[in-house]
Amino acid sequence: MPEEIIQDGFSSEDNEIVRQRKDKLLRLRSEEGYDPYVNETWDRQDTLASVRERFEHLQPEEEDTNAVIKTAGRVMTVRRQGKATFADLADETSRMQLYFQLNSVGEKAYDFLKKWVDSGDWIGIIGHPCRTRRGELTIMVTEYRLLSKAIRPLPEKWHGLTDTEIRYRRRYMDLIANPEVREVFRKRSRIISSFRETLESHGTLEVETPILSVLAGGANARPFKTFHNALGVDMYMRIAVELYLKRLVVGMMGRVYEIGRNFRNEGIDTMHNPEFTMMEVYWPYCNYVDMMNLAEELIRNAAKAIGTLEIEWNGTKLDLSKPFHRITMREAVKKYAGVDFDTIKTDEEARAVAREKGLEITGHESRFAVLNMLFEEFGEENLIEPTFLLGHPTEISPLSKRDPEDTDYTHRFELFMYGKEVANAFSELNDPLDQRERFEDQARKKAEGDDEAHVFDEDFINAIEAGLPPTGGMGIGMDRVVMFLTGAKSIRDVILFPAMKPKA
RNA sequence: GAAUCGCUAGCUCAGUCGGUAGAGCACCGGACUUUUAAUCCGGGUGUCGCGGGUUCAAGUCCCGCGCGAUUCACCA
């Protein structure tokens, strides 16, 4: 078949159905003088859900000719039957049967329907409700208007669209074919709204900080790099908003939060997307304990907002009304790896234990790094019920305040659910001298080849030097919260347009 | 990065031992004024993911590549 682009909007890529529909569209314009893409408004007065609610009381074969319904939606299926036609109309709220009779709409409109309206098209309709003999609430159409024409066929009406690749790449087709997918994203929206409501009920101000900047700090992660032409400088996409929000607390903005996209140039799997949504919150005069309470409240309220405190993910049910568990990293390692770190006093001892446990050891690890490795290897996956992990070593917590009782450890927690990290929080380090040392330590790690070590942010130190009040801060991975509350097994199922490799 | 599985019509899928590409839905034409996976009659619309190879003959066998899914590794 020769490569050619056919004129008038036709393409050699078109399949048979698309060619027929394009041809139909041209004929609709030339034969009827009707342009289905002209600027049109339609005064929709009812959604299908509201129609369903208003006329639920109708009995089979009952018809309410006095009521007027004015609605609109996408034609999903058409059942033509000579001088009568049934169709299913869907909108964002529901789906309802339409009944067009030759007598009810008139001959001219009925012929137009037969000739020009297809499944996939958007139509506005005026009619009244009735219930069929078989009990189906139906709109008896008296007038309708073709609002927009679809020239590409809908996915199959019975099996729908299941091909994951098409579902993610062409999410619009997924959303058309699978109403339950629309419901997941409505829940996502409600969860995020609930977070905002909870935060604002505590007097927290929503702020926006740079996505693009010269330094990407606040987390251990590889950033995306880009270039600003006019400034002539390399820039990075943010990996966290932490350092900016703490500057705002220094700047006397009080309680602040941001819900926004972070970007990390790392692998993609069922728990990670290169861009993901993070909520970060900072409260002056508070500490990590306040953040624990806030974390529980945020998650519980979000669950309530979508209807239930009983959640199920990956076959495991959880009751979010119960208080969340607490365990220290050392306790978790003792329990799940069988290693008692209280008896380990040197890095050498720790490395020996780690080798025994089968961990890959280079010989430079401190006992604190080993503790963390043992937790990640043996502990993490066991924290199924919501659990605050406490007592992180200072070495792996460069922005976290030390525990005054044991300065090798910090006042920090991570919240785990289903064995996955959902939140990370701490009493924010506000000692500028200590913060400088921590950054210096990170800089050493970076120089040793750790490309995920924190960058040294001199201006952030400057901010801390200006005085950060005692502050509790927390970050929550919103995508994971949505996954656990909706039962989605992949992060791609809670992100409308997940990252995909280009096909060709 | 590795392994496994998948990629065939718009969608969901079948395709035997290597022997002329199939079904349902959708779509096109016709009948039908209460159907609802409507029904009935007629019609197959295709770069079998891409590129090589073996063979008289490849959707099928072999090699390479691409994309996706899952698991593992990596990664907050």
Side-chain angles (χ1 to χ4, degrees), chain A residues 1-3 12-21 23-24 60-61 63 76-88 95-105 110 114 118-120 130-138 140 150-170 173-174 176-178 218-222 239-240 262 264-274 276 278 360 372 375-377 380 389 392 396-397 414-416 420-424 451-452 454 475-477 479-480 489-490 492-493 498 500-504:
Chain A
M1 186 182 282
E3 280 280 331
S12 57
E13 299 292 300
D14 292 344
N15 64 50
E16 181 66 22
I17 295 175
V18 172
R19 276 198 297 274
Q20 283 167 359
R21 291 287 187 95
D23 179 62
K24 194 171 196 172
E61 296 194 80
E63 187 172 351
M76 302 303 289
T77 61
V78 181
R79 295 177 291 285
R80 296 182 201 280
Q81 211 181 314
K83 296 186 176 62
T85 295
F86 291 92
D88 286 340
R95 185 169 168 136
M96 193 168 295
Q97 179 166 265
L98 303 180
Y99 188 27
F100 300 82
Q101 283 183 326
L102 175 64
N103 298 344
S104 68
V105 294
Y110 194 82
K114 246 168 82 172
D118 296 300
S119 64
C130 62
R131 196 180 284 278
T132 64
R133 193 181 298 156
R134 303 267 292 267
E136 175 100 16
L137 189 59
T138 297
M140 177 71 79
I151 60 173
R152 198 163 280 283
L154 260 25
E156 211 248 4
K157 64 184 173 189
W158 191 243
H159 300 93
L161 180 67
T162 59
D163 184 289
T164 47
E165 190 164 352
I166 302 177
R167 288 188 49 228
Y168 296 148
R169 285 189 197 280
R170 301 195 172 154
M173 296 308 276
D174 185 31
I176 292 169
N178 301 311
N220 307 86
R222 274 186 291 267
I239 56 174
N262 286 348
R264 298 189 183 176
N265 207 339
E266 288 158 5
I268 298 178
D269 60 31
T270 54
M271 298 304 295
H272 298 84
N273 193 64
F276 62 100
M278 177 92 104
E360 267 183 50
N372 189 46
F375 170 75
E376 286 180 352
E377 182 67 25
E380 189 167 313
L389 179 76
H392 297 68
I396 61 162
S397 311
E414 288 176 300
L415 173 61
F416 285 84
K420 312 287 184 187
E421 182 196 346
V422 167
N424 182 20
D451 55 6
E452 288 177 6
H454 286 240
I476 295 186
D479 309 277
R480 290 185 181 182
K489 70 183 202 314
S490 169
R492 291 177 216 99
D493 292 328
M500 300 290 275
K501 201 162 174 175
K503 188 120 201 206

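Hydrogens, waters and symmetry mates play no part in the numbers below; they use all other heavy atoms, side chains included. So you know, we letter chains A, B, ... as the sequences are listed, proteins then strands, and number each from 1.
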Give the intermediate values and the outcome of side-chain contact (heavy atoms from CB on, under 4.5 Å) for residues A:Arg95 and A:Thr77. CA-CA 11 Å; A:Arg95 185 169 168 136; A:Thr77 61; 3.8 Å; yes

Step by step, work out the side-chain contact (heavy atoms from CB on, under 4.5 Å) result for A:Phe276 and A:Arg264. CA-CA 8 Å; A:Phe276 62 100; A:Arg264 298 189 183 176; 3.5 Å; yes

Any chance you could lay out the side-chain contact (heavy atoms from CB on, under 4.5 Å) test for A:Thr138 and A:Cys130, step after step, and finish with the verdict? CA-CA 5 Å; A:Thr138 297; A:Cys130 62; 3.9 Å; yes

Evaluate A:Leu137 against A:Met96 for side-chain contact (heavy atoms from CB on, under 4.5 Å), listing each step before the verdict. CA-CA 7 Å; A:Leu137 189 59; A:Met96 193 168 295; 4.1 Å; yes

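Of the N and O atoms on the side chains of A:Ser104 and A:Tyr110, not one donor lies less than 3.5 Å from an acceptor on the other residue. Using modelled atom types and a 3.5 Å distance limit, the side chains of A:Gln97 and A:Tyr99 yield no donor-acceptor pair. For the residue pair A:Ser490/A:Arg492, the side-chain donor-acceptor check at 3.5 Å is satisfied.
The partner of B:G42 is B:C28, by the rule that a Watson-Crick or G-U pair needs both atom distances under 3.5 Å. Base-pair partner of B:C72: B:G1 (Watson-Crick or G-U wobble, both distances under 3.5 Å). Across all strands shown, B:U54 forms no Watson-Crick or G-U wobble pair with both key distances under 3.5 Å. B:U47: no Watson-Crick or G-U partner with both key distances under 3.5 Å is found in any strand. Across every strand in view, B:G66 sits in a pair with B:C7 that passes the Watson-Crick or G-U test at under 3.5 angstrom. In this structure B:U36 sits in no base pair that meets the Watson-Crick or G-U test at under 3.5 Å. The nucleotide B:U16 finds no pairing partner, because no Watson-Crick or G-U wobble arrangement with both distances shorter than 3.5 Å includes it.
In this model, no side-chain donor or acceptor of A:Thr85 finds a partner on the base of B:U33 within 3.5 Å. Judged by distance alone with a 3.5 Å cut-off, a donor-acceptor contact links the side chain of A:Gln97 to the base of B:U35. Applying the 3.5 Å distance criterion, the base of B:U33 shares no donor-acceptor pair with the side chain of A:Gln81. Donor-acceptor pairing under 3.5 Å, judged by distance alone, is absent between the side chain of A:Thr77 and the base of B:U36.
The interatomic distance linking A:Gln101 (CD) with B:U35 (P) rounds to 12 Å, in whole Å. Between the CD atom of A:Glu61 and the C1' atom of B:U35 there is a distance of 13 Å, given to the nearest Å. A straight line from CE of A:Met500 to C1' of B:G66 spans 13 Å, rounded to a whole angstrom. Between the C1' atom of B:C27 and the CD1 atom of A:Ile151 lies a distance of 14 Å, rounded to the nearest Å. Between the C1' atom of B:U33 and the CD atom of A:Glu63 lies a distance of 13 Å, rounded to the nearest Å. One interatomic measurement links the two molecules: NZ of A:Lys114 to P of B:C28, which rounds to 14 Å at whole-angstrom precision. B:U33 atom C1' lies 7 Å from atom OH of A:Tyr110, rounded to whole Å. Taking atom CG on A:Asp88 and atom P on B:U36, their separation rounds to 12 Å, with Å as the unit.
Remark: A:Tyr168 engages no residue in a ring-ring contact (aromatic ring centres under 6.0 Å, His included) (not counting sequence neighbours).
Taking 4.0 angstrom as the limit, A:Arg79 places none of its side-chain polar atoms (N or O) nearer than this to OP1 or OP2 of B:U35. Not one side-chain nitrogen or oxygen of A:Ser104 sits closer than 4.0 Å to the OP1 or OP2 atom of B:U33. Side-chain N/O atoms of A:Arg134 include none lying less than 4.0 angstrom from OP1 or OP2 on B:U34.
Between B:G49 and B:C40, the distance separating the two C1' atoms is 39 Å to the nearest Å. Nucleotides B:A23 and B:A9 have their C1' atoms positioned 11 Å apart, rounded to a whole Å. Rounded to a whole angstrom, the distance from the P atom of B:U55 to that of B:G44 is 37 Å. With C1' as the reference atom, B:G30 and B:A58 are 41 Å apart, rounded to whole Å. Taking the C1' atoms as reference points, B:G18 lies 7 Å from B:U60, given to the whole Å. Nucleotides B:C74 and B:G1 place their P atoms 15 Å apart, quoted to the nearest Å. Between B:A57 and B:G53, the two P atoms lie 12 Å apart (nearest whole Å). Going from the C1' atom of B:C61 to that of B:U54 covers 8 Å, rounded to whole Å.
In this structure, A:Leu102 CG and A:Lys83 NZ are separated by 7.0 Å, a value rounded to the nearest 0.5 Å.
Nearest to the side-chain atoms of A:Glu136 among the listed nucleotides B:C67, B:U36, B:C27 stands B:U36. Here the side chain of A:Lys157 is nearest to one of B:A37, B:U33, B:G68, namely B:A37.
Within the 4.5 Å cutoff, the side chain of A:Asp174 has no heavy atoms near those of the A:Ile166 side chain. With a 4.5 Å cut-off on side-chain heavy atoms, A:Met76 and A:Lys157 do not count as touching.
Residue contacts shown for A:Lys24 are limited to sugar-phosphate atoms, with no base heavy atom under 4.0 Å away.
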Nucleotide by nucleotide, 5' to 3', does protein get under 4.0 Å of the base (B), only the sugar-phosphate (S), or neither (-) in nucleotides 7-13 of chain B, counting heavy atoms? ---SBSS

Between protein and nucleotides 70-76 of chain B, map the contacts as a letter string: B base, S sugar-phosphate only, - none, heavy atoms under 4.0 Å, written 5' to 3'. SS--BBB

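A salt bridge links A:Lys24 with A:Asp118: at least one charged nitrogen is closer than 4.0 Å to a carboxylate oxygen.
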